[in-house]
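Counting convention: from 1, in listed order, for ligands and their atoms alike. Note that the structure is predicted; figures quoted are calculated from it, not measured.
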Amino acid sequence: MKILVTGGLGYIGSHTVVELINAGFTPIVIDNLSESEIEVKERIEKIVGKPIIFEQVEMCNKNEMIQLFEKYPDIKGVIHFAAYLIVNESVTNPLKYYHNNIISTLNLLEVMLQFKIKPLVFSSSCTVYGNPEDLPVNEHAPIQPAVSPYGNTKKMCEDILKDTALANDIEVISLRYFNPIGAHESSIIGEFQDGPPHHLVPYITETARGLRNELRIFGGDWNTKDGTCVRDYIHVVDVAKAHISAVDRMINNKISEKFEVYNLGMGVGVSVLEMVNAFEEATGIKIKYNITARREGDVEAVYADTTKANQILNWKTEKTLTDAMRDAWNWEKELMNNSNLI
Ligand code: UDP
């Protein structure tokens, strides 16, 4: 069964492509290569041991999308990852984010309607919850005003998808990721770094590698267990597998609402200092750190209630924080040995 994967050469997309193939699906991978490397295609093929179908497509060009669906008339569902996702950049260049993330989604929906394709899994984020009052946060928590244009595009896309699903023959599962980390256990795919990292774990691994003198920890005076911010870190392969559960639910007609939302996390709040300790325990490498000023726009604490995904999607995490740290470090070593990848 053919499943279209948009942004399939990106971080979570590439891991999902591997899991789709493991589960017996045939992914049609599209990417405009603006934020990813074509080499990821060969790396996926190395893991799965066979060629994959890849098309370089610009989703903001509707004609290219129509041609894609004409070429593959037997696509049965879509997983939509393609989006710009650098929070800081979205603040300085909001139009780039609104244009790309919204137009690509609108084009996708219009073409899905035209070609009568119903199931869509959307890559959303816990950023829609902002700084939640009640923890762990469940799917009924109020949506907060977004702190960045990037976050706003996730919220806006959810609204667009919901309204479209309610009015048309389309079904959507929106997966709200907490903090995906780590890499495939083979170290063949992971998160490529084009310049400075955007997330905590690559900063930790780059510090371990000696690329950075120290890790800066943004704030030690938050109202948390040790004063540092708390997040819900989840292994990227567990995130990828949730997409297979979502696709299964849709193609087996088990959807009960036309727009369903699920939190994807480990369900555990982990502080930045605990992350440093977890890395040190998993690898035996000491991380030099310095507690600095708070980072603007940071949320104090957010972690998921994953009951809904556990019970209804029949999905649960299989990997531990130690697994994620070990895989993140092995991936960093892979990047180190292939400097052309950075
Ligand atoms: N963080 C940090 N130093 C860094 C990068 C991140 O202390 O160099 C902290 C950040 O303040 C936040 C947590 O690590 O509390 C996770 O940050 P990340 O950017 O990975 O995810 P997000 O804030 O989007 O949840």
Please indicate whether [X] has more than 12 foreign heavy atoms, meaning atoms of other residues, nucleotides or ligands, lying under 6.0 Å from its [atom1].
{"X": "Y289", "atom1": "OH", "answer": "no"}
{"X": "N223", "atom1": "CG", "answer": "no"}
{"X": "N213", "atom1": "CG", "answer": "no"}

Point to revise | side-chain contact (heavy atoms from CB on, under 4.5 Å) evaluation trace for L106 with L108 | key: CA-CA 5 Å; L106 293 177; L108 175 65; over 6 Å; no

**Study point:** Exercise: do E334 and N330 side chains pair donor with acceptor under 3.5 Å
**Key:** no

Check your understanding: Does ligand 1 have any atom that is closer than 4.0 Å to a heavy atom of Y233?
Key ->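 Y233 counts as a contact of ligand 1 under the 4.0 Å cut-off.
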
Check your understanding: Mind checking whether M275 has a heavy atom under 4.0 Å from ligand 1?
Key ->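 Outside the 4.0 Å threshold, so no.
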
Exercise for review: Just jot down the ligand 1 atoms closer than 4.0 angstrom to any heavy atom of H198, in number order.
Suggested key: 19 (O)

Check your understanding: Numbering the atoms of ligand 1 from 1, which are under 4.0 Å from a heavy atom of R216?
Key ->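 Atoms satisfying the 4.0 Å criterion: 2 (C), 3 (N), 4 (C), 7 (O), 8 (O).
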
Determine all donor-acceptor pairs shorter than 3.5 Å in which one atom belongs to a side chain in residues 27-34; sequence neighbours excluded.
unit_1	atom_1	unit_2	atom_2	d
D31	OD1	L33	N	2.8
D31	OD1	S36	OG	2.9
D31	OD2	L9	N	3.0
D31	OD2	S36	OG	3.2
N32	OD1	S34	N	2.9
N32	OD1	S34	OG	2.9
N32	ND2	E58	OE1	3.0

For [atom], the protein heavy atom that lies nearest, with its residue and separation:
{"atom": "atom 12 (C) of ligand 1", "answer": "R231 NH2, 3.7 Å"}
{"atom": "atom 11 (O) of ligand 1", "answer": "D298 OD2, 2.5 Å"}
{"atom": "atom 18 (P) of ligand 1", "answer": "H199 ND1, 3.6 Å"}
{"atom": "atom 15 (O) of ligand 1", "answer": "C229 CB, 2.9 Å"}
{"atom": "atom 21 (O) of ligand 1", "answer": "N179 ND2, 3.2 Å"}
{"atom": "atom 19 (O) of ligand 1", "answer": "R295 NH2, 3.1 Å"}

**Study point:** Side chain, backbone, both or neither: the part of V302 lying under 4.0 Å from ligand 1 by heavy atom
**Key:**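 Near ligand 1, V302 shows nothing, with every heavy atom at 4.0 Å or more.
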
Check your understanding: Is it the side chain, the backbone, both or neither of V272 that has a heavy atom closer than 4.0 Å to ligand 1?
Key ->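 Side chain only.
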
Check your understanding: Are Y177 and H243 close enough that their ring centres sit under 6.0 Å apart?
Key ->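 Ring-ring flag for Y177/H243: true, centres closer than 6.0 Å.
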
Review point. Between H199 and Y203, is the ring centre distance below 6.0 Å?
Key: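 No, the ring centres sit 6.0 Å or more apart.
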
[X] N/O to ligand 1 N/O under 3.5 Å:
{"X": "Y203", "value": "no"}
{"X": "L200", "value": "yes"}
{"X": "F218", "value": "yes"}

Check your understanding: Does the ring of Y84 carry K96 above it, NZ/CZ under 6.0 angstrom from centre and within 45° of its axis?
Key ->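 Yes, K96 sits over the ring of Y84.
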
Exercise for review: Considering non-hydrogen atoms only, spot the tightest contact between E191 and P202 and give its length.
Suggested key: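 Looks like OE1-CG, 4.1 Å.
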
